[in-house]
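Below is one structure, written out as structure tokens; the observations come after it.
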Amino acid sequence: MKLRTTLLAGAMAAAFAGAIPVAQAADVKEVQMLHWWTSGGEAAALNVIKQYLAKEGYAWKDVPVAGGGGEAAMTTLKAMVAAGNPPTASQILGYFALDYAEAGKLGDFTALAKKEGWDKVVPTALQKFTTTNGKWDAVPINIHSVNWIWLNKAIMDKIGGTEPKTFDDFIALLDKAKAAGVIPLALGGQPWQEATMFDSVVMSTGGPDFYKKAFINLDESALKSDTMKKAFDNLAKLRAYTDPNFAGRDWNLATAMVIKGDALVQVMGDWAKGEFKAANKEAGKDFLCYRFPGTDGSVIYNTDMFAFFKVSADRQAAQTALADASMNPEVQAAFNIIKGSVPARTDVSDAGFDACGKKGIADVKAANEKGTFVGSMAQNYAQPPAIGTGVYHDVVTKFFHGEIKTSDEAVAELVKGINNAK
Ligand code: GAL
């Protein structure tokens, strides 16, 4: 219903646009933002930006499209853009932004970027997604990484668990929880969540060079290799540790299982920390964060960007205000402390961050220097959506749910799907 209303409004706006010379209209002091930040932690983080803009006199028109990972949001965005009614800005991931940029749909914020020196503070890897041919058309509000695990500290204490350093350690820890009658692994059984977990399993099984060969370079021998088969076999091992009701569960409900002590651990990007924070839980006291076992030293990133579409002249001031707010160092600090991510600006101090946030900031810096800062395949930062969301999510979820039975079959399906999508 919401979508229909939005599309209708879009059609009406388009009809009026012919009659009213938009370039002469007064600036519209409203930011219309499409996003999928509907969980407690996500909404709290978004509030930081809303409040900042409110002080500058901008009203906020929320266009929330629930669904972790943003697949549903991307469908809504496509419809709005096709109807000639793009939002002021949209949360967007990786290659989705590049696709819109290539189609000539995005605006140009290079003047503001130059004035504020964004190119000096945003890691080069991210600038690939926020710029096109040297022009800035999106801004990064954060850097998330997917290779984390989140544990309930009281359960760890009860079972005498210690930080698992390898995949085998992880399995041994899950066994301990199982033996103690606790659900070991809180999992949301949705394709994007299983695929996001698999990113970590692949990194843990093959290491950063293998990850890059397979997912960034799409090297067929790596995709078909015994290492990739082993990664699928490792993923299959994790199946034995979920509760029976995991299918379809939202990611934040899985986080809630760990928060409440119904489960030991969740494998999830650091947006999970936003849920612990929203529940007033403290890092080190109530919950623990470790890198996914066997991936310490690497950061599999996704960054939340706001893409700015070409809009009529009267709406551009609102875009500039949002871009400016999002790149403000204080906004980035306040937002990311709540969101669980780390600032996209490398010049923001880690002072206000908890232990997990401090580790996140240090890890990003070190990984950037070592060349182990790599885009998430599941989050469309390694490959375009046709391969990431399209093929990868599909093969991983079919394998996880038993529709694809063996790791031999899984790698064959992965290679076939990727070759068709190329
Ligand atoms: C990711 C996004 C995060 C978080 C998560 C779950 O794709 O980058 O900010 O919102 O989805 O919704």
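Atoms within a ligand are numbered from 1 in the order they appear, just like the ligands themselves. Values below: all heavy atoms of this structure, side chains included; hydrogens, waters and symmetry mates excluded.
Residue K339 approaches ligand 1 through these ligand atoms, each under 4.0 Å from one of its heavy atoms: 3 (C), 4 (C), 9 (O), 10 (O). Those atoms of ligand 1 that come under 4.0 Å of a heavy atom in H144, given as number and element, are 3 (C), 8 (O), 9 (O). Annotation for ligand 1: atoms under 4.0 Å from non-hydrogen atoms of L93 are 7 (O), 8 (O). Each of the atoms 4 (C), 5 (C), 6 (C), 10 (O), 12 (O) of ligand 1 lies under 4.0 Å from some heavy atom of E42.
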Item to check | D108/K310 under salt bridge (Lys or Arg N to Asp or Glu O under 4.0 Å): CA gap, chis, key distance, verdict | outcome: CA-CA 8 Å; D108 184 356; K310 280 185 181 151; over 6 Å; no
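At the top of the distance list for atom 7 (O) of ligand 1, counting protein heavy atoms only, stands Q379 OE1, 2.6 Å. Looking from atom 2 (C) of ligand 1 to the surrounding protein, the closest heavy atom is D304 OD1, 3.3 Å.
The residue N142 has no part lying near ligand 1, judged by heavy-atom distances below 4.0 Å.
The backbone N or O of M305 sits nowhere less than 3.5 Å from a side-chain atom of Q91 that would complete a donor-acceptor pair. The backbone N or O of L238 lies less than 3.5 Å from no partner atom in the side chain of T242, so there is not a single donor-acceptor pair. Between the side chain of T131 and the main chain of G134, no donor-acceptor pair closer than 3.5 Å is present. A distance-only check finds a donor-acceptor pair linking the side chain of N380 to the backbone of T389 [under 3.5 Å].
In summary, K153 and D157 engage in a salt bridge, as defined by a charged side-chain N under 4.0 Å from a carboxylate O. Between K359 and D296, at least one side-chain nitrogen of the basic residue sits less than 4.0 Å from a carboxylate oxygen of the acidic one, meeting the salt-bridge criterion.
Considering backbone and side-chain N/O atoms, N302 comes within less than 3.5 Å of an N/O atom of ligand 1. By the 3.5 Å distance cut-off applied to N or O atoms, W36 is counted among the residues near ligand 1.
Using a 4.0 angstrom heavy-atom cutoff, G69 counts as in contact with ligand 1.
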